[in-house]
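Values below: every heavy atom of this structure, side chains too, minus hydrogens, waters and symmetry copies.
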Amino acid sequence: MPELPEVETVRLGLAKHVIGKKIRKIQVHHSRATAPKSLAPLTSLAGAKIKGVSRRGKFLWFDLDRPEVLVAHLGMSGQFLISKASEMPQRHMRVRIDLGRMELRFIDQRTFGWLAVENTAEGVPTSASHIARDPFDSEFDLDVCVARFMAKRTEIKRALLDQEVISGVGNIYADETLWRSKVHPETRCEKMKPAKVREVILNATKVMREALAQGGTSFDELYINVNGESGYFERSLAVYGREGESCPKCHSAIRRIRFANRSSHFCPKCQPRPRA
DNA sequence: AAGGTCTCCTGAGGGC
DNA sequence: TGCCCTCAGGAGACCT
C-alpha cells in the first residue's frame with residue numbers, strides 16, 4: 001500500500017531513470033488507468049520531454065516541456081516499472097510509455113491507481129491542489145498543521161488519514177504514529193492538547209522518514225513490493241498487521257478494531273481508550 | 001458545511 | 001475440489 005515513503009521511493013527511482021527522456025508513444029491497456037478528469041487522452045503526450053518528477057503527499061507527477069503534467073496516483077496497488085521494450089508484459093500492465101531505449105510501465109492489480117493529463121496552479125496539478133502539504137515539504141508549517149487538527153470535530157485516526165489535514169499518511173503509518181504517540185485511534189482531536197497533536201505530527205514525520213530510509217535501500221529497478229513480501233519494512237512495524245502479537249514496549253496483545261471502514265491496530269495498554 | 005459512509009476493484013485466504 | 005464469503009484500502013461521490 002503505497003503511502004508517502006513508498007511514493008517518494010518511486011519518485012526518486014523515476015527521477016533517476018526518466019528525466020530528460022522523450023515520450024515516444026503511450027499505449028493504454030485498461031480504461032480505468034486514465035482518470036475521468038484527464039484533460040486529454042494520455043496518448044496526446046507523445047512527443048513531450050520529461051523535465052522532472054514531483055510529488056505532494058501520495059500524488060506524483062511528471063513535469064514536461066509543456067504546461068500540462070502527467071499526474072499519477074498509485075492507489076492501492078499501482079507500480080511503475082522500468083522495462084526493456086522486449087520484456088514480456090507484466091500481469092496487470094495498464095499503461096506502457098515508450099521512452100526510446102526503455103519503457104516505463106504502469107502496473108496495477110486493483111485498478112485504484114490512475115494517470116491523468118492535468119494543468120497546474122503554482123506548480124501543483126489540479127487533482128492535488130486541495131490537499132495539505134506533506135511533512136517532507138520544505139514549506140510544511142507545523143503550527144498550521146496543528147491548528148487544522150485542533151479544528152477537526154472527529155477522531156485523531158480519521159484526521160491523520162484526511163489528506164486535507166496532513167497529506168501522505170495512510171493506514172499503516174497512521175497506526176504506527178499513534179502507537180508511538182501513545183494515543184488511542186478514537187481520541188477526539190478537539191479534546192487533545194496542542195502539544196500532543198504536535199507530537200503526533202512529529203511522530204508521523206519520523207516514522208515516514210525511517211521507512212523512506214529503508215525503502216531506499218530495497219529499491220530494485222523501480223519495483224516496490226506492495227504486498228510487503230520483501231520484508232525490510234514490515235519488520236519495523238510495531239502494531240500494523242500484528243493483531244494478537246505482543247506490543248514491542250509492554251508485551252500486551254495488539255488489538256485490531258474496525259474503524260472508519262478500515263482496520264486500526266493499537267496496544268490497549270500503551271494506548272488506552274480515552275474516557276467518554 | 002462538515003463529517004461519516006459507500007463504492008470502485010482484484011486476489012488471497014478461510015470455512016465447509 | 002470448488003464455491004462463497006470476507007478482507008485489504010485511497011479518495012472521491014454521496015448522504016445527512
Side-chain angles (χ1 to χ4, degrees), chain A residues 1-11 28-38 55-61 71-80 89-95 106-116 118 124-134 147-178 185-192 204 208 211 224-229 233-234 237 239-244 254-266:
Chain A
M1 291 140 243
E3 302 181 29
L4 191 154
E6 291 72 38
V7 179
E8 177 62 7
T9 303
V10 171
R11 189 193 70 79
V28 179
H29 294 266
H30 196 290
S31 61
R32 280 176 56 88
T34 308
K37 62 194 157 201
S38 187
R55 182 191 56 72
R56 173 170 288 185
K58 304 169 200 169
F59 289 79
L60 195 61
W61 64 92
V71 188
H73 197 291
L74 303 179
M76 281 290 295
S77 54
Q79 299 174 346
F80 275 113
Q90 291 81 358
R91 192 155 149 76
H92 308 306
M93 182 181 73
R94 308 305 188 194
V95 179
F106 182 64
I107 291 134
D108 188 15
Q109 183 211 107
R110 296 187 193 175
T111 71
F112 281 11
W114 49 262
L115 306 185
E118 292 183 19
V124 181
T126 323
S127 59
S129 61
H130 67 291
I131 73 168
R133 288 182 189 274
D134 63 64
R148 274 197 298 264
F149 271 93
M150 298 305 298
K152 278 286 173 185
R153 296 290 180 269
T154 191
E155 301 91 344
I156 186 74
K157 172 78 184 268
R158 283 188 201 272
L160 267 172
L161 293 174
D162 186 338
Q163 304 299 300
E164 296 184 33
V165 173
I166 183 172
S167 72
V169 182
N171 206 36
I172 296 171
Y173 296 115
D175 283 2
E176 295 299 308
T177 295
L178 293 174
E186 291 174 300
T187 308
R188 302 288 303 186
C189 293
E190 67 269 30
K191 294 207 170 170
M192 291 176 68
M208 292 196 293
I224 281 280
N225 188 339
V226 293
N227 298 315
E229 281 152 3
F233 163 65
E234 208 179 324
L237 296 178
V239 285
Y240 184 85
R242 299 190 64 243
E243 183 184 15
I254 302 297
R255 284 195 54 199
R256 179 173 72 102
I257 53 173
R258 285 298 290 179
F259 179 70
N261 216 17
R262 39 175 59 73
S263 284
S264 284
H265 310 75
F266 66 101

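Under the side chain to side chain donor-acceptor pair (under 3.5 Å) criterion, A/Glu3 pairs with no residue, sequence neighbours left out. In this view, A/Phe112 satisfies the ring pair (Phe, Tyr, Trp, His ring centres under 6.0 Å) rule with no residue, not counting sequence neighbours. In terms of the side-chain contact (heavy atoms from CB on, under 4.5 Å) criterion, residue partners of A/Ala132 (sequence neighbours excluded) are, by chain and number, A/Arg148. Evaluation of the side-chain contact (heavy atoms from CB on, under 4.5 Å) rule for A/Arg153 yields A/Arg188, A/Glu190 as partners, not counting sequence neighbours. Annotation: side chain to side chain donor-acceptor pair (under 3.5 Å) contacts of A/Thr111 (sequence neighbours excluded): A/Arg32. When the ring pair (Phe, Tyr, Trp, His ring centres under 6.0 Å) test is applied to A/Phe149, no partner is found at least two apart in sequence or on another chain. Residues that satisfy the side-chain contact (heavy atoms from CB on, under 4.5 Å) test with A/Glu186, not counting sequence neighbours, are A/Glu155, A/His184, A/Ile257, A/Phe259, A/Arg273. Every residue meeting the side chain to side chain donor-acceptor pair (under 3.5 Å) condition with A/Ser263, not counting sequence neighbours, appears here in chain and number order: A/Arg256. For A/Thr126, the side-chain contact (heavy atoms from CB on, under 4.5 Å) partners two or more places apart in sequence, or in a different chain, are A/Glu118, A/Asn119.
Judged by distance alone, with hydrogens and angles left aside, the side-chain atoms of A/Lys58 form a donor-acceptor pair with the main-chain N or O of A/Val169 at under 3.5 Å.
In this structure, the helix from B/dA2-C/dT16 to B/dC16-C/dG2 shows an angle of 50° between the axis at its start and the axis at its end, each fitted on 5 base pairs and rounded to 10°.
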Along nucleotides 8-16 of chain C, 5' to 3', which nucleotides get a B, which get an S, and which get a -, given that the test is a protein heavy-atom distance under 4.0 Å? BBBSS----

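Chain A approaches DNA chain B over the interval B/dG3 to B/dG11, counting the first and last nucleotide 5' to 3' with an atom under 4.0 Å from its heavy atoms.
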